[in-house]
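Some notes on the structure that comes next.
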Number of protein chains: 2
Amino acid sequence: MSDLLERLRSRGWRLTAQRRVVAEVLDGDHVHLTADEVHARAVGRLPEISRATVYNTLGELVTLGEVLEVSTDGRAKRYDPNAHHAHQHLICSRCGTIRDVHPTGDPLAALPTDERFGFVVSNVEVTYRGICPDCAVGAA
Amino acid sequence: MSDLLERLRSRGWRLTAQRRVVAEVLDGDHVHLTADEVHARAVGRLPEISRATVYNTLGELVTLGEVLEVSTDGRAKRYDPNAHHAHQHLICSRCGTIRDVHPTGDPLAALPTDERFGFVVSNVEVTYRGICPDCAVGAA
DNA sequence: TTGAGTGCAAAGGATTTGCAAGTGG
DNA sequence: CCACTTGCAAATCCTTTGCACTCAA
């Protein structure tokens, strides 16, 4: 559902064809794409869109808090459109697939005050790594 | 205490001046340096050492499991010499400083079986983000 | 001795930037 | 209309690579 575009518009975000396309690409699938993959899909809908614009737009969406940046161990960052639900990532070490999983409690509570060293802690990222079922089958 | 070099030697790691220097730099401070920072400090002890060698060596140490690669949100990876103690990271969103903190329980246990989607989960990374005391003071 | 390790410089991939031209509100 | 966006290409940053040379074991 594209309440993403709604939210952006109501925030006074200048809506251009390029930006709409990027938002739609992110909103469509719930996979976690790299900037380049977003660009590739965007080109399918709007052939003239440039890579720079995709980067700009993704950067803004991250700043606005509508999209999350996920740095995997590999090189290219991935973008997670699911920023409004607290969730964590489960990454396959072999093929790189990312799945969203949902925490049971508040993971922030796991850090006791005496381990905070005076930091004001506002956020936790939790990433599980393992082998996905598909890769487990394919493994030697 | 450089049992790091001990361990490496006993694993049959070919010991060169460059490798020793890199290991010493990592072993010395418990900060989390970028490859370039490691190189800069290594140059202090061994002026001819090249960046490529530092990258090679860091990569090997990671492969050997002696050092951990930490991908922060920024660009350059940081290297964590504290690979033998289970720990998590507390990162200052403003200045990028990384501190090690120590988990109370096993964070792997926090992911229930029905949230594992058939993955064989072997590892969790937990990263807390916030503002460190120094930056809190400096903030407007 | 001799293959593993090194340095250099050039290649590589991901992302950013400068600036002229386009366009949404 | 006009400040904000875009596209393009070149630039930048981090990292890897190819290859001749060196050195630890």
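Computed from coordinates, the B:E60 CD to D:dT16 P distance equals 12 Å when rounded to whole Å. Taking atom CZ of residue A:R20 and atom P of nucleotide C:dG24, one finds them 9 Å apart after rounding to whole Å. Taking atom OH of B:Y79 as the reference point, atom P of D:dC14 lies 12 Å away to the nearest angstrom.
The nucleotide whose nearest atom lies closest to any side-chain atom of A:R51 is, among D:dG7, C:dT15, C:dG25, C:dT15. Listed nucleotides D:dT6, D:dT15, D:dG7 differ in distance to A:T57; the shortest reach to its side chain belongs to D:dT6. Between D:dA25, C:dT17, D:dT17, one nucleotide has an atom nearer to the side chain of B:R14 than all others, and that is D:dA25.
Residue B:T16 has no polar side-chain atom (N or O) positioned under 4.0 Å from OP1 or OP2 of C:dA4. A sub-4.0 Å separation between OP1 or OP2 of C:dG7 and a side-chain N or O of B:Q18 is present. The side chain of A:T34 places no N or O atom within less than 4.0 Å of a non-bridging phosphate oxygen (OP1 or OP2) of C:dA14. Contact annotation: A:Y55 does not reach the phosphate of C:dT16 (side-chain N/O to OP1 or OP2, under 4.0 Å). Under 4.0 angstrom from either OP1 or OP2 of D:dT6 there lies at least one side-chain N or O belonging to A:R19. Residue B:T53 has no polar side-chain atom (N or O) positioned under 4.0 Å from OP1 or OP2 of C:dG5.
Between A:E37 and A:R78, at least one side-chain nitrogen of the basic residue sits less than 4.0 Å from a carboxylate oxygen of the acidic one, meeting the salt-bridge criterion. With respect to B:E60 and B:R14, no salt bridge is recorded, no charged nitrogen being found less than 4.0 Å from a carboxylate O. The pair A:R41-A:E24 does not count as a salt bridge, with every side-chain nitrogen at least 4.0 angstrom from each carboxylate oxygen.
Below 30°, between 30° and 60°, or above 60°: for B:H87 and B:H102 the angle between ring planes is between 30° and 60°, a tilted geometry.
Of the two residues contacting DNA chain D, namely B:L15 and B:A35, the nearest-nucleotide position lying further toward the 5' end is that of B:A35. Map B:R9 and B:A52 each onto its nearest nucleotide of DNA chain D; the residue landing nearer the 5' end is B:A52.
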